[in-house]
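Fair warning: this is a prediction, and the values are worked out from it, not measured in the lab.
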Amino acid sequence: MKENRIKKFLKNENLIIIVIVIAVSIFTFYIQLNIGDELWNFSNIYKMTNGETIYKDCNVILTPLFFYIGEILFKILSANYLTFRIYNLIIYTAIYFLSYKILREIGIKRKNATIYLFIIFFITCKIILVGANYNKLAIVFVLIGILLILKNKYNNPLTQGIIIFLIFMTKQTIGVFYCIGIVIYNLFSNKDIKTRIITNIKTIGVFIVLFLIFCIYLMLNNNLYNFVNYTILGLLEFNRNIYFDNYIYLYSVELILSINIFLSTLLSKKNEDIKDKNIMFVLATFSILILLNAYPIFNKGHILISSFIPLLLIIYLIDKIIKKIWLKIENKKIHKAIDLLKNLFLVCSILYVTIYSVLNNYLYVTSLNNIYEPYYGAIIENKEEIDLIIQYIKEEEAKEIDVKILSCDANLYNNILKRNNGDIDLPFYGNLGYDGKEKLIKEISNMKNTNILISKDSPKFQEVTEVINYVRDNYEIIGEIGEYDIYKIGY
């Protein structure tokens, strides 16, 4: 491929977006239906689309923007997994494209920025692409906010106040971290102290006004207490879910590096390059704060989705080193050879993601079926087990015996039946609101003519052990079906 063709391609950002979409689609659609975040997030949006109200009927512990947008998409397109995975495609395309825009804004040439973007993609793609997620959507808004700061365009109290609101409404903890980052950035700007303080007050004021309007909306719909109960009071117990996996080393390296860069920029001499110092200060500040989002579940997904900003900081530092080495190399033949390798990497990467995407998505399209309405768009390998439980529930209900599944698996079946059992459908620490364990135990004790199914492997993930043990210790097993024990209550 000729050099001028590559340059023409790199100048066309629409083509870069298309390549990102192609690349992201590889790990977005042809994915098996599993128990996890994707199912739980989908289920809440699916319930809302079917008339249920967030917080009142669904035990969502996050602020609602991710779920509201998902509900709109479900109503415009269709309430199924295909739409949900399109939602994921949109979010991740935005994340990668905004990362590219930030790389360009901090002075990295188009070709190098595109190469770095592919490297980021290859590092992260297989780990964190499954399922649309509020963490990912929040990172989109964070990247927009950082890009506006670096551009210094529309970077004013009104714009940043709106950005804080959007992030907070997507995930409250990331919103708080981003707000702290904006306050720190303004406090260490070159303006006089009075201007810095006024800027922070105005920015936070915009956020507060917008949030109060939302609270009034909730109050008018008799949903304010439920919102506070799940998104604030319930989170007090979420800290019990502390978990570490082997990706903690990556987290540690990024956090230590970001802290060092942050302190270095604060202590550096005033006559150093102002733009360079500002870039490192912005990226290091938000790297440290957004990395805190991984708490308390330090698994590879949480760590890597929190790593986009630290990765941009690391790339910026590496690119600075490469530029210095490049300037010292005077041999033009070496320049041409390195440039040829860059072109070869770009061509091979584009060909790889394109071919992989075509093959993968061909398999996906040919495997699509409409066995279960909500799961159209998912790859289902445990159809027999799903059918077994669905049939059992229908047969028992014909006998006027209610069936509830006390497990994080519950929505797998309830979505098909369009049932909603509230907290019992996702009995996790932190997902039950204030004093939630006791309330759920009381709810179970008051049940009549009910069979409760509990997985033989429970507790799984963050399931509330006390509630599961209450049923096991106080009620009789009357049989088993599939992987579940059956307990009878109230008859």
| Can you tell which of Tyr376, Tyr87, Phe66, Phe84 makes a ring pair (Phe, Tyr, Trp, His ring centres under 6.0 Å) with Phe42? |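 Passing option: Phe84.
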Flag the pair [X] / [Y] as yes when at least one side-chain heavy-atom distance between them is below 4.5 Å, and no otherwise.
X	Y	result
Tyr55	Thr231	yes
Leu363	Leu359	no
Tyr362	Thr366	yes
Ile379	Ile31	no
Val464	Pro459	no
Ile182	Ile149	yes
Asn382	Ile380	yes
Asn200	Val183	yes

Parallel, tilted or perpendicular: which one describes the rings of [X] and [Y], with boundaries at 30° and 60°?
X	Y	value
Trp40	Phe428	perpendicular
Phe345	Phe118	perpendicular
Phe121	Phe27	tilted

[X]-[Y] side chain donor-acceptor pair, cut-off 3.5 Å:
X	Y	result
Ser357	Asn360	no
Asn59	Tyr230	no
Thr63	Tyr134	no
Gln160	Tyr178	yes
Lys47	Asn414	no

Got a donor-acceptor contact below 3.5 angstrom from the [X] side chain to the [Y] backbone?
X	Y	answer
Thr28	Leu89	no
Gln172	Leu62	no
Arg85	Gly377	yes
Tyr116	Leu312	no
Ser455	Asp457	yes
Asn369	Ile371	yes

| message | Could you go through Leu33 and Leu412, starting from their C-alpha distance and side-chain angles, then the distance that decides it, and tell me whether this counts as side chain to side chain contact (heavy atoms under 4.5 Å, CB included)? | response | CA-CA 9 Å; Leu33 175 65; Leu412 178 64; 3.7 Å; yes
| task | Output, in order, the C-alpha distance, side-chain angles, deciding distance and verdict of salt bridge (Lys or Arg N to Asp or Glu O under 4.0 Å) for Lys136 and Glu38. | result | CA-CA 12 Å; Lys136 302 170 190 177; Glu38 184 179 34; over 6 Å; no
| Which residues pass the side-chain contact (heavy atoms from CB on, under 4.5 Å) test with Glu105, sequence neighbours left out? |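 In terms of side-chain contact (heavy atoms from CB on, under 4.5 Å), with neighbours along the sequence ignored, Glu105 is linked to Leu147, Leu150, Lys151.
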On a heavy-atom basis, which atom in [X] and which in [Y] lie closest, and how many Å separate them?
X	Y	answer
Leu143	Ser99	CD1-OG, 4.0 Å
Ala113	Tyr100	CB-CE1, 3.8 Å
Ile315	Ile108	CG2-CD1, 3.9 Å
Pro374	Asn415	CG-O, 3.8 Å
Glu463	Tyr429	O-CE1, 3.4 Å
Thr170	Ala138	CG2-N, 3.5 Å

| Neighbour count >12 (heavy atoms, 6.0 Å) for atom NZ, Lys460 |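 Correct, the count exceeds 12.
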In this structure, is the centre-to-centre distance between the rings of [Y] and [X] below 6.0 Å?
X	Y	value
Phe214	Phe165	no
Tyr46	Phe74	no
Phe177	Phe168	no

Using 0.5 Å steps for rounding, measure from the [atom1] atom of [X] to the [atom2] atom of [Y].
X	Y	atom1	atom2	answer
Ser349	Leu117	OG	CG	10.0 Å
Phe207	Leu166	CZ	CG	10.5 Å
Gln32	Glu381	CD	CD	3.5 Å
Asn152	Lys275	CG	NZ	11.0 Å
Ile174	Leu292	CD1	CG	10.5 Å
Thr285	Leu313	OG1	CG	10.0 Å

| task | Evaluate the criterion side chain to side chain donor-acceptor pair (under 3.5 Å) for residue pair Tyr30 and Asn361; output intermediate values, then yes/no. | result | CA-CA 7 Å; Tyr30 194 54; Asn361 288 308; over 6 Å; no
| request: Could you tell me which residues satisfy salt bridge (Lys or Arg N to Asp or Glu O under 4.0 Å) with Lys202, sequence neighbours excluded, listed by chain and number? | output: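 Counting only residues at least two positions away or on another chain, Lys202 forms no salt bridge (Lys or Arg N to Asp or Glu O under 4.0 Å).
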| task | Report the residues that fulfil salt bridge (Lys or Arg N to Asp or Glu O under 4.0 Å) with Glu385, sequence neighbours left out, ordered by chain and then residue number. | result | none
| query | Less than 4.0 Å between a side-chain N and a carboxylate O, is that true for Asp319 and Lys109? | reply | no
| Under a 4.0 Å N-O cut-off, is there an ion pair linking Arg196 with Asp192? |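 No, this pair does not count.
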| message | Between Phe461 and Leu426, is the side chain to side chain contact (heavy atoms under 4.5 Å, CB included) condition met? List the steps. | response | CA-CA 11 Å; Phe461 296 99; Leu426 194 63; over 6 Å; no
| message | Working note: Ser43 + Asp425, criterion side chain to side chain contact (heavy atoms under 4.5 Å, CB included); need CA distance, chi angles, decisive distance, verdict. | response | CA-CA 10 Å; Ser43 299; Asp425 285 348; over 6 Å; no
| Working for side chain to side chain donor-acceptor pair (under 3.5 Å), residues Thr199 and Asn186 | CA-CA 7 Å; Thr199 300; Asn186 288 332; 5.7 Å; no
| request: Quick one: do Glu71 and Thr49 satisfy side chain to side chain donor-acceptor pair (under 3.5 Å)? Show the steps, please. | output: CA-CA 6 Å; Glu71 184 182 9; Thr49 308; 5.3 Å; no
| request: In sequence, state the C-alpha distance, the side-chain angles, and the governing distance for Phe308 and Thr124, and then conclude on side chain to side chain contact (heavy atoms under 4.5 Å, CB included). | output: CA-CA 9 Å; Phe308 272 88; Thr124 59; 4.1 Å; yes
| request: Report the C-alpha separation of Tyr372 and Asp387 in whole Å, then their side-chain angles, then the decisive distance to 0.1 Å, and conclude whether the side chain to side chain donor-acceptor pair (under 3.5 Å) test is met. | output: CA-CA 10 Å; Tyr372 310 113; Asp387 286 341; 2.6 Å; yes
